[in-house]
Amino acid sequence: RAARSIISGAAFDNNLLCIGEKEVFAVNGIFDALLDSVEQQDGYRLDAQQIQQLTQIAFQPPQEPGGHHVLNRDLVGQDPAELARLIGVDVPASTEILFGETETNNPFVSEEQMMPFVPFVRCRDVEQAMQLAHEFEHGFGHTAIIHSNNVRNMTAMGRLMDTTLFVKNGP
């Protein structure tokens, strides 16, 4: 269910809306199964080299020390098939999102990108996942989403994030 919700949220309008899933922090215990499920539900998994290629096309390095990466605005709102084509990958017509495992230093994690590529970051536990979600929400106070069966974890994240929109177990 989490995989389907992540895809639905990120694929809607090719992830233009700021309320869509922009990055996913998932605990190690479910990480591989989650990625497999996203792949089985019309997500297309990019490998590390393909992610690097897409990152180089999507972002330029910051212009000044400590600055933000510069987004290639020509890619905003493009279909997954178009993004994949740019890196020499042919994806099925049913592909709703591109996704793959990244580290937190990938600009797709830290920058608002408005395209249907979703980086997944592996976390040792739920506490690290929540802390990273909080860090990369940048204090905007806008939107946070959690998929969990643990009500205590959902409550703890809701309090930590303190966002206008807090979604539990949905896109």
Side-chain angles (χ1 to χ4, degrees), residues 1-48 50-52 54-55 58-59 69 71 75-80 83-84 91 95-150 153-158 160-171:
R1 192 171 86 201
R4 184 69 248 154
S5 290
I6 291 165
I7 292 169
S8 294
F12 183 79
D13 207 16
N14 284 334
N15 214 355
L16 281 174
L17 301 177
C18 54
I19 59 171
E21 282 78 349
K22 303 298 185 193
E23 66 275 329
V24 174
F25 302 101
V27 297
N28 189 48
I30 58 90
F31 192 88
D32 294 321
L34 177 60
L35 266 61
D36 289 346
S37 186
V38 171
E39 193 167 29
Q40 293 165 3
Q41 297 185 52
D42 295 327
Y44 188 92
R45 188 184 317 202
L46 300 180
D47 64 29
Q50 293 165 332
I51 293 169
Q52 182 60 30
L54 184 59
T55 301
F59 297 98
H69 286 81
L71 177 66
L75 303 185
V76 170
Q78 293 295 324
D79 290 330
L83 296 177
V91 300
T95 300
E96 294 187 63
I97 64 167
L98 303 175
F99 74 100
E101 182 174 358
T102 71
E103 299 295 327
T104 56
N105 63 352
N106 184 293
F108 274 106
V109 176
S110 60
E111 303 291 345
E112 186 80 44
Q113 28 86 1
M114 300 176 290
M115 61 186 79
F117 172 78
V118 178
F120 282 69
V121 177
R122 187 182 298 263
C123 300
R124 72 179 168 276
D125 55 31
V126 70
E127 288 79 17
Q128 182 189 29
M130 286 192 277
Q131 287 301 319
L132 288 173
H134 185 254
E135 176 184 344
F136 288 100
E137 201 273 332
H138 302 293
F140 295 152
H142 194 263
T143 303
I145 302 164
I146 187 170
H147 298 278
S148 178
N149 292 323
N150 186 310
N153 289 340
M154 290 186 278
T155 301
M157 184 167 170
L160 174 67
M161 299 304 290
D162 192 27
T163 52
T164 302
L165 299 173
F166 182 62
V167 179
K168 301 178 217 173
N169 297 321

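What you see below is based on every heavy atom in this structure, not just the backbone, and it leaves out hydrogens, waters and symmetry mates.
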Of all the heavy-atom pairs spanning A10 and V118, show the shortest one and how long it is. CB-CG2, 3.5 Å

From Q41, Q40, E39, residue fulfilling side-chain hydrogen bond (donor to acceptor under 3.5 Å, both in side chains) relative to S37: Q41

Could you tell me how the ring of F25 sits relative to the ring of F136: parallel (under 30°), tilted (30 to 60°) or perpendicular (over 60°)? parallel

Between E21 and S5 the two heavy atoms that sit nearest each other are OE2-O, 3.6 Å

For C123 and L132, work out which heavy atoms get closest and say how close. SG-CD1, 3.7 Å

All heavy atoms of A58 vs all of L75, minimum pair found to be CA-CD1, 3.6 Å

Would you indicate whether the side-chain heavy atoms of I97 and Y44 approach each other to under 4.5 Å? no

Please report the closest heavy-atom contact between L35 and F99, naming both atoms and the distance. O-CZ, 3.5 Å

Which pair of non-hydrogen atoms, one from N153 and one from N150, has the smallest distance, and what is that distance? N-OD1, 2.9 Å

Would you check if R45 and V38 make a side-chain contact, meaning some heavy-atom pair closer than 4.5 Å? no

Applying side-chain contact (heavy atoms from CB on, under 4.5 Å), run through V76 and L71 and close with a yes or a no. CA-CA 9 Å; V76 170; L71 177 66; 3.7 Å; yes

Is any side-chain heavy atom of V126 closer than 4.5 Å to one of M157? no

Any side-chain heavy-atom pair of L160 and Q131 under 4.5 Å: yes

So N169 and M154, do their side chains get closer than 4.5 Å, heavy atoms only? yes

Calculate, to the nearest 0.5 Å, the distance between atoms NZ and NE2 belonging to K168 and H147 respectively. 13.0 Å

Tell me, with the steps shown, if T163 and E137 meet side-chain contact (heavy atoms from CB on, under 4.5 Å). CA-CA 9 Å; T163 52; E137 201 273 332; 4.0 Å; yes

